[in-house]
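Quick caveat, the model's predicted, so the values are computed rather than measured. In listed order, ligands and their atoms are each counted from 1.
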Amino acid sequence: MNKIPLINPEIEKYAEEFSDSNKTILNQIKFDTSTKLRYSDMLSGNQVSGLLSLLIKISNAVNIAEIGVFTGFSTLMMAESLPDHGKLYCLEMNKKYLDIALPNLRQSASYNKIHILEGNAREKINELPNNLDLFFLDADKDYYATYYEVILSKLKSGGIIIADNVFWHGGVLDAKKDRKSSAIHEFNELVFSDKRVESVMLTVRDGISIIRKK
Ligand SMILES: C[S@@+](CC[C@H](N)C(=O)[O-])C[C@H]1O[C@@H](n2cnc3c(N)ncnc32)[C@H](O)[C@@H]1O
């Protein structure tokens, strides 16, 4: 796959800085991710998680879920955006990442809202409740289209899906797409033609689709 710079790096940095909520635990998560792991670029960052946070608040979401905790950045932002009685169900299969995430998440006053389902989301997703208001899809790109159908069935009418990496670093534009680029492109086509939803694709970072179930 031919990775292309999607957004001017200086503008990207500027936008990250101006979206920084500068919270102690979030800064600790960033620090731990960059010092304990060789690759930290899976961390969603200020713009994406800031968008999640605002969408949760604007939509008054109460029961929400995500696939892909990694080191806990989006998890913390989402949990802290929920009301006190809110619940965030998190699916993550990699224990090594959870071992980095959990000590930081436990520091948050919102830790009681976080329910981790450890294991492969392809199976664990069926354990989620059926009354979800919002879902963040940020893992296992080959499987986006399959997750989409299950998520839609678990989402309330008016509920929102936020899907990250819908450009797959520009791979969706390649004439000869690799496996993940093809999977993401097929997912994008599926959403675009789906009459059950309304959606918008945003050029935030690696592309974000916001999808509302009618
Ligand atoms: C892009 S990262 C998530 C980043 C995170 N949302 C954030 O804001 O920092 C993707 C995560 O999904 C996890 N993952 C990948 N495939 C999975 C699967 N089939 N089931 C559960 N977790 C999976 C990976 O271990 C990784 O931690």
Exercise for the section: Step by step, work out the side chain to side chain contact (heavy atoms under 4.5 Å, CB included) result for K23 and E80. Expected result: CA-CA 11 Å; K23 290 185 185 160; E80 293 195 338; 3.5 Å; yes
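Taking the ring-ring contact (aromatic ring centres under 6.0 Å, His included) definition, one finds that F18 meets it with Y14, sequence neighbours left out. Applying the side-chain contact (heavy atoms from CB on, under 4.5 Å) criterion to S74, with sequence neighbours excluded, gives S44, S49, L52, E66, M78, F136. Judged as a side-chain contact (heavy atoms from CB on, under 4.5 Å), and not counting sequence neighbours, the contacts of K156 are N131, D133.
Partner F70 forms a side chain to side chain contact (heavy atoms under 4.5 Å, CB included) with one of L37, I100, L98 and no other, that one being L37.
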For each nitrogen or oxygen atom of ligand 1, which protein N/O atoms lie closer than 3.5 Å, and how far apart are they, rounded to 0.1 Å?
residue: ligand 1; atom: 6 (N); partner: G68; partner atom: O; Å: 2.8
residue: ligand 1; atom: 6 (N); partner: S74; partner atom: OG; Å: 2.8
residue: ligand 1; atom: 6 (N); partner: D138; partner atom: OD2; Å: 2.9
residue: ligand 1; atom: 8 (O); partner: S44; partner atom: N; Å: 3.4
residue: ligand 1; atom: 8 (O); partner: S44; partner atom: OG; Å: 2.6
residue: ligand 1; atom: 8 (O); partner: S74; partner atom: N; Å: 3.2
residue: ligand 1; atom: 8 (O); partner: S74; partner atom: OG; Å: 2.9
residue: ligand 1; atom: 9 (O); partner: S44; partner atom: N; Å: 3.1
residue: ligand 1; atom: 19 (N); partner: N120; partner atom: OD1; Å: 2.9
residue: ligand 1; atom: 19 (N); partner: D140; partner atom: OD2; Å: 3.1
residue: ligand 1; atom: 20 (N); partner: A121; partner atom: N; Å: 2.8
residue: ligand 1; atom: 22 (N); partner: M93; partner atom: N; Å: 3.2
residue: ligand 1; atom: 25 (O); partner: E92; partner atom: OE2; Å: 2.6
residue: ligand 1; atom: 27 (O); partner: F70; partner atom: N; Å: 3.3
residue: ligand 1; atom: 27 (O); partner: E92; partner atom: OE1; Å: 2.7
residue: ligand 1; atom: 27 (O); partner: E92; partner atom: OE2; Å: 3.3

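Side chain to side chain, T33 and S40 fail the donor-acceptor criterion of an N or O pair below 3.5 Å.
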